[in-house]
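What you see is a predicted model, and the numbers here were worked out from it, not measured in a lab. Per chain, numbering begins at 1; letters A, B, ... match sequence-line order. When reading the values below, keep in mind they use all heavy atoms of this one structure, side chains included, and skip hydrogens, waters and symmetry mates.
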Protein chains: 4
Amino acid sequence: MPASPNPLRRNEASRRAILDAALQLSAEHGYGRLTIEAVAARAGVSKKTIYRWWSSKGAVVLDAIDDMAAVADYPDTGSLAADLHTQLTAVIDLLTSPENSAVTGLIAEALQDRELAHDLRERLIRPRITTFKSRLRKAQLEGQLAPDADLDVALDLIYGPVYHRLVFHLGMPDPQQLETLIDHALRAFDPPQSTR
Amino acid sequence: MPASPNPLRRNEASRRAILDAALQLSAEHGYGRLTIEAVAARAGVSKKTIYRWWSSKGAVVLDAIDDMAAVADYPDTGSLAADLHTQLTAVIDLLTSPENSAVTGLIAEALQDRELAHDLRERLIRPRITTFKSRLRKAQLEGQLAPDADLDVALDLIYGPVYHRLVFHLGMPDPQQLETLIDHALRAFDPPQSTR
Amino acid sequence: MPASPNPLRRNEASRRAILDAALQLSAEHGYGRLTIEAVAARAGVSKKTIYRWWSSKGAVVLDAIDDMAAVADYPDTGSLAADLHTQLTAVIDLLTSPENSAVTGLIAEALQDRELAHDLRERLIRPRITTFKSRLRKAQLEGQLAPDADLDVALDLIYGPVYHRLVFHLGMPDPQQLETLIDHALRAFDPPQSTR
Amino acid sequence: MPASPNPLRRNEASRRAILDAALQLSAEHGYGRLTIEAVAARAGVSKKTIYRWWSSKGAVVLDAIDDMAAVADYPDTGSLAADLHTQLTAVIDLLTSPENSAVTGLIAEALQDRELAHDLRERLIRPRITTFKSRLRKAQLEGQLAPDADLDVALDLIYGPVYHRLVFHLGMPDPQQLETLIDHALRAFDPPQSTR
DNA sequence: AGCTAACCGAGACGGTACGTCCGGTCTTTGT
DNA sequence: ACAAAGACCGGACGTACCGTCTCGGTTAGCT
């Protein structure tokens, strides 16, 4: 998220050192205790250099995460439920492991910073929503999901629970509970049986 | 979340002034810009007095919100879907209105602070989950929900979407979308029609 | 040169530590390399505490010097010329010794800072001019100086040379030269002999 | 004060632009607020170019002043006292006018920088001392000054007062006071009348 | 006339210190 | 006796300049 200076003259070594330092320090002491000061020191870089290219510590961490975590293809073993289970497990691990406090830290910060929120959504989340929907569309073609299922609703029902639990610290579902959740979420797209 | 001093000798007027100031300032400048310093000044209170009774700005704001928002009974008009719609709309308003930035601020802070997270869950959230489940149980008795429906799953499916959208700034559902969501969530508890 | 806070509540230990640190550091590294940052560190004091009571590093050093160097009586052995020699030698030592770089540093800074210049004049210089003039007045009573001699002119002629040499780094007079200078300066007040 | 690069290939336009910018900015904002950064920007020149040819901001300003103020002949109307008055008035104007803050700034900086002090003395001051002494020697030949008068002492007595007053901000002499000062200074070289 | 070394503009960089803000603790003072 | 008022240490903030360092692009003077 560069601001104004000439990106062509940017020092790639400094950029890498900054992003690496940000992730390391976040893992070591937690996102909350991360400071620009410490990142600069660890990276052997002037604070000015950080402020030249990023507008806040959140922006640095977002870049660092984005840089690290290339968008992976959605798992596809043929079984939609199994693939959702696999992928949700990965997400839960990411949100839960202490060394990835950067991710929840970023989520927390974005809740209070519109600009950061925008970048978080567009750069990290949107692409992953896209691959998720592609996987669902394939499932529709294969008859594992109703052809008229609203994929946005599916997104809400399948991923919503994880973030609801995250936000209120209700504990993440164990594999068994996760299977139950997925099962219910998918059943929501079965044709209605009766009026309610 | 008092710490140690004798609560009997506590000055109620100061307590009220502090909680009021915290909410006012949060509404005026946003939770992120809220400082203990400013609360003390606005409340006409020494910083010491704040630190005597609370451990962090999050704790103050939690108290303030708790104090303000008594646990309301879950709406009950007889129609489960309609009541869910009503209550979810209230939640969305709360999470969305700028003057209630204290709530999302608290959520954000709790993501990074285990102790605050614990208090947030136990004091604000748990009681509301309880009333929600009571309402569902009544619906089961009335036949609006399968008697064997797992109420924890219902909680996840019904409230999850809101927080998923909050966390990634995906936009809150409009009333129409909300109705669709509730409809799908409830359908997840219909008896299965076929093997999947 | 306090700004606004309540001087009654001032911490004397901090004040002393700051002034001592300023003089020490000035002697060690030179006034030019003196920083508020280093003074705070050496004094074990928050930078805020320094800025609370002083407006600039010059103001701190002025206080430190003022605190250290009480106004001494002008030497008085009965011989005006000898006493001037004694006192001028002391001034030259002060302006010359490396460990007193604080004094010339202050002079330099005052050349660029009107407020500091004002304080330097009123607090350090003016009182010493007063004692100097008193000594001259005594010499007048004793017949060592013409009774109608203009004491401001005498001040200029006697002290001027030192500062002229200081400012342009022309080298301070050795004791012999100093005697010659004083002799000439005093002779300027002899009654005129002839028209010029 | 060139350092090492080949002076033959030097860009005269850049040199002029830098010196002009230095004087302009010094006049506009004061020597103290002058920065190499700003000079480079105003002159449309790279900072590197400045550092290539000068060692400090003081060196730049010294060059600028030297460039501007060619050494003028000492005034010579036949009356020594009148000529001294004329020339001292010019010096006082130079040291007093706000737009010439560069001069006092340079003096201030030289008080803290031996190398700059050396250059200031040798390039600006020494030549002017030389012309001053020449004027005095002529006065000696004409019988306006004792033939055995020590010209260094005369320099001290005549110019000293101005710098004493500059350094301690005692106010410059008005024309009347200046005449008195010169009169006394010259009288110091009259033959002694009596033992003192 | 062409080559090449240098100077040049631009400006990113590692640093140092700035002056400010706020967190939490401790002290003084008035009521 | 209690708090209010607020001074205090500490530490991070974001900024300003420092002086150094590439970059390409002129430009000058020697082949």
Side-chain angles (χ1 to χ4, degrees), chain A residues 4-15 17 33-41 43-53 55-57, chain B residues 5-6 9-11 13-14 17 33-41 43-52 54-57, chain C residues 4-15 17 33-41 43-53 55-57, chain D residues 4-15 17 33-41 43-57:
Chain A
S4 51
N6 183 347
L8 296 177
R9 310 198 41 186
R10 186 161 187 185
N11 183 334
E12 173 61 17
S14 292
R15 183 180 158 276
R33 271 187 277 281
L34 185 64
T35 66
I36 296 280
E37 200 101 19
V39 172
V45 137
S46 152
K47 281 199 289 176
K48 184 62 189 275
T49 299
I50 299 182
Y51 286 114
R52 180 151 35 226
W53 301 108
S55 60
S56 66
K57 105 177 179 184
Chain B
N6 183 348
R9 315 196 49 174
R10 186 162 188 184
N11 182 334
S14 292
R33 272 187 276 282
L34 183 64
T35 66
I36 296 278
E37 206 101 347
V39 172
V45 138
S46 155
K47 283 201 288 175
K48 181 74 181 246
T49 301
I50 299 182
Y51 286 113
R52 185 157 23 233
W54 291 276
S55 61
S56 68
K57 105 176 178 184
Chain C
S4 50
N6 184 349
L8 297 177
R9 311 198 40 184
R10 187 163 186 183
N11 182 335
E12 173 62 17
S14 293
R15 183 180 157 278
R33 272 186 277 283
L34 184 65
T35 66
I36 297 279
E37 200 101 21
V39 172
V45 138
S46 153
K47 281 200 288 177
K48 184 64 187 276
T49 299
I50 299 183
Y51 285 113
R52 181 154 30 228
W53 301 108
S55 60
S56 67
K57 103 177 179 183
Chain D
S4 51
N6 183 349
L8 296 177
R9 312 199 45 179
R10 186 163 185 183
N11 182 334
E12 173 60 17
S14 292
R15 182 178 158 279
R33 273 187 277 282
L34 183 65
T35 66
I36 296 279
E37 203 102 20
V39 171
V45 137
S46 157
K47 283 200 288 176
K48 181 74 182 252
T49 300
I50 299 183
Y51 285 112
R52 183 153 31 226
W53 302 106
W54 291 276
S55 61
S56 68
K57 105 177 178 183

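Residues A:A40 and A:S46 share a closest heavy-atom pair of CB-C, 4.3 Å. When all heavy atoms of B:I50 and B:V45 are compared, the pair lying nearest together is CG1-CG1, 4.0 Å.
Geometric assessment of A:R10 against the ring of A:W53 yields a positive cation-pi assignment under the 6.0 Å and 45° thresholds.
Going from atom CD1 of D:I50 over to atom P of F:dC17 covers 14 Å, rounded to whole Å. B:K57 places its NZ atom 10 Å from the P atom of E:dG24, with the value rounded to the nearest Å.
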Worksheet, complete the sentence: Quick tally for nucleotides 10-17 of chain E: nucleotides whose base has a protein heavy atom under 4.0 Å get B, sugar-phosphate-only ones S, the rest -, giving BBSBBB-S

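Not a single side-chain hydrogen bond (donor to acceptor under 3.5 Å, both in side chains) links A:K57 to another residue, sequence neighbours left out.
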